[in-house]
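Working notes for the structure below.
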Amino acid sequence: MSAAERAVGPVDPVVTRILEVLSVVPDPEIPAVSLADLGILRGVEKNPAGDYQAVLTPTYSGCPATKAIQDSVRAALDAHGLTRIGIRSRLSPPWTTDWITDEGREKLRAYGISPPERGVGQPSLRAESPVSCPRCDSTSTEEISRFGSTPCKSMWRCLSCLEPFEHFKCH
Amino acid sequence: MSALASSSSDLQKARFEHALRLGDDALILAQRLGETCGHAPTLELDLSFANVGLDLLGQATLLLGVAGEIEGQGRDADALAYQRDVLAFRNCVLVEQPNGDFARLIARQFLFSSWQLALFQKMEALPDERLSAIAAKAVKEVTYHERLAASWMARLGDGTEESHKRLVDGLAWSFRFVEELFEVDATIAPLVAAGEAVDVSKLRPEWDARVAQVFAEAKVARPKPMRVVMHGRTGRHGEHLGHILSELQFLQRAYPGATW
Ligand SMILES: [Zn+2]
């Protein structure tokens with residue numbers, strides 16, 4: 001059971017249905033993982049008027065994918081006849097890479113992206129703990145650039161197998 | 001009764017001004033950093049500045065969104081960003097300063113980010129949950145901005161004779177604008193008294209200590225006191241802001257309501 005389900009109670013069949021539909025919606029920038037895997041899908045809420053809302057959270061304040069994420073959630077809901085389900089964004093508590101599920105971490109690694117370390121993400125200029133190569137598991141690696149193809153990833157190279165790879169930064 | 005009414009409307013106006021100040025600081029600095037795209041000294045710095053700008057733009061969108069909600073006149077973040085003229089902007093004059101050379105840009109970024117970090121840490125305790133949530137989210141981002149700028153302060157200041165000189169010049173240019181960051185003026189004072197805004201004057205000791213630490217690492221002296229420039233919060237800006245807005249707002253002014 002995910003944290004999202006616990007938050008609203010798993011007994012509500014509508015909530016279960018919404019979570020089921022949304023559990024497979026991929027992240028627009030890293031399609032190998034779902035929004036649920038990344039912890040971006042925060043849950044489903046029912047307001048006093050009885051309306052259901054899917055709650056999303058942005059990764060970074062200026063994440064350019066925020067709009068695309070809302071659009072794909074809308075499209076998934078509509079495609080399953082859940083047209084009346086609203087979508088809302090919530091900032092607090094702020095998203096952290098710790099919310100990426102174990103399954104999500106494995107999917108990232110299989111996709112060639114080294115997943116973030118566990119423990120509350122401490123932004124730093126130089127990564128403090130060793131980053132392991134998603135291809136050969138070597139920890140003999142070095143950071144090439146603090147930013148990669150998206151703001152949430154940095155660029156690394158493996159000194160063992162010599163392959164470049166991306167690392168999902170702790171945040 | 002009328003005194004009460006006027007005081008509550010003053011507070012409401014102060015709440016709007018408060019959110020505007022925070023949002024405009026982030027918006028204008030984001031726009032300045034956007035100018036460096038494709039022009040930074042190295043590819044990695046180019047990406048760093050663009051991403052710092054992106055963080056700030058995200059913060060500006062959220063903060064101006066709150067300002068619009070407080071105002072209650074139907075203006076959203078886009079309307080506030082694109083449809084106000086120079087006199088209605090409330091950013092501090094530090095962020096509208098031209099980028100200058102790399103050292104001046106770093107000096108401006110360090111002075112601003114170290115202040116913004118101290119401010120946002122305190123803002124996490126504000127009663128308005130919209131503002132405290134934005135601050136809590138942004139603290140993680142600004143921590144990186146501040147460290148990036150501080151590390152380059154040290155590299156430039158403790159680098160070559162030329163890089164040291166340029167950093168000293170950059171700080172000398174920027175330092176006269178920092179007093180404004182710590183001023184609690186008549187507009188915001190009632191909000192500070194009500195516990196709804198951070199008393200920025202009280203951030204000074206912590207900021208001074210951090211600045212002294214980084215200046216020591218960078219082997220530069222604190223710039224000598226100079227004539228203070230402080231008027232952005234009341235809408236009196238330098239010539240620079242008009243040029244920034246002419247670029248930022250061009251599309252919406254030429255083609256009002258354009259979307260894609
Ligand atoms: Zn390897």
Side-chain angles (χ1 to χ4, degrees), chain A residues 29 39-40 42 45 55-71 88-100 116-117 119-128 142-157 164 166-171, chain B residues 23 26-27 29-30 33-34 40 42-66 77 113 117 120 123-124 126 128-155 259-260:
Chain A
E29 285 181 334
I40 291 172
R42 193 165 270 190
E45 286 180 354
V55 183
L56 303 174
T57 191
T59 50
Y60 289 71
S61 301
C63 179
T66 303
K67 181 70 170 58
I69 287 170
Q70 290 186 358
D71 289 350
R88 61 171 297 197
S89 170
R90 175 168 318 133
L91 293 181
S92 180
W95 178 84
T96 149
T97 42
D98 286 352
W99 294 359
I100 301 178
E117 302 82 46
V120 172
Q122 287 298 325
S124 67
L125 279 181
R126 293 169 195 86
E128 274 126 23
E142 66 178 5
E143 189 179 76
I144 303 167
S145 169
R146 182 74 201 176
F147 294 98
S149 58
T150 61
C152 55
K153 285 176 286 171
S154 52
M155 290 174 0
W156 288 67
R157 112 175 95 215
E166 286 192 302
H167 170 56
F168 205 117
K169 286 181 284 194
C170 252
H171 187 72
Chain B
L27 176 66
L29 190 52
L33 288 171
T42 67
L43 183 56
E44 183 173 2
L45 277 167
D46 209 280
L47 288 164
S48 296
F49 290 158
N51 280 294
V52 169
L54 191 59
D55 285 342
L56 288 164
L57 189 60
Q59 294 164 21
T61 307
L62 296 168
L63 290 162
L64 292 177
V66 172
S113 294
L117 180 59
F120 281 0
M123 275 179 61
E124 288 186 53
L126 290 184
D128 186 323
E129 284 170 9
R130 295 168 297 186
L131 294 178
S132 58
I134 294 168
K137 179 102 201 130
V139 157
K140 292 211 248 183
E141 297 157 1
V142 180
T143 300
Y144 166 69
H145 306 170
E146 203 261 4
R147 289 194 199 173
L148 174 74
S151 79
W152 274 100
M153 290 273 294
R155 285 165 85 169
T259 58
W260 71 66

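Reminder, nothing fancy here: chain letters follow the sequence lines and each chain counts from 1.
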Sidechain-backbone polar pair: B:Lys137 side chain, A:Pro58 backbone, donor-acceptor under 3.5 Å: yes

Toward chain A, the part of B:Ile134 with a non-hydrogen atom under 4.5 Å: both

Heavy-atom pairs under 4.5 Å with chain B, option from A:Ser61, A:Gly62, A:Ser145, A:Pro94 with the top count: A:Ser61

N/O donor-acceptor pair under 3.5 Å between A:Thr96 side chain and A:His171 backbone: yes

Side chain / backbone / both / neither for B:Ser48 at chain A, heavy atoms under 4.5 Å: both

Whether A:Trp95 and A:Tyr60 hold their rings parallel, tilted or perpendicular, with breakpoints at 30° and 60°: tilted

4.5 Å side-chain heavy-atom contact, A:Arg42 and A:Arg88: no

Under-4.0 Å salt bridge between A:Glu45 and A:Arg90: yes

Residue A:Thr59 versus chain B: region with a heavy atom under 4.5 Å: backbone

Contact origin within B:Leu47 toward chain A - heavy atom pairs under 4.5 Å: both

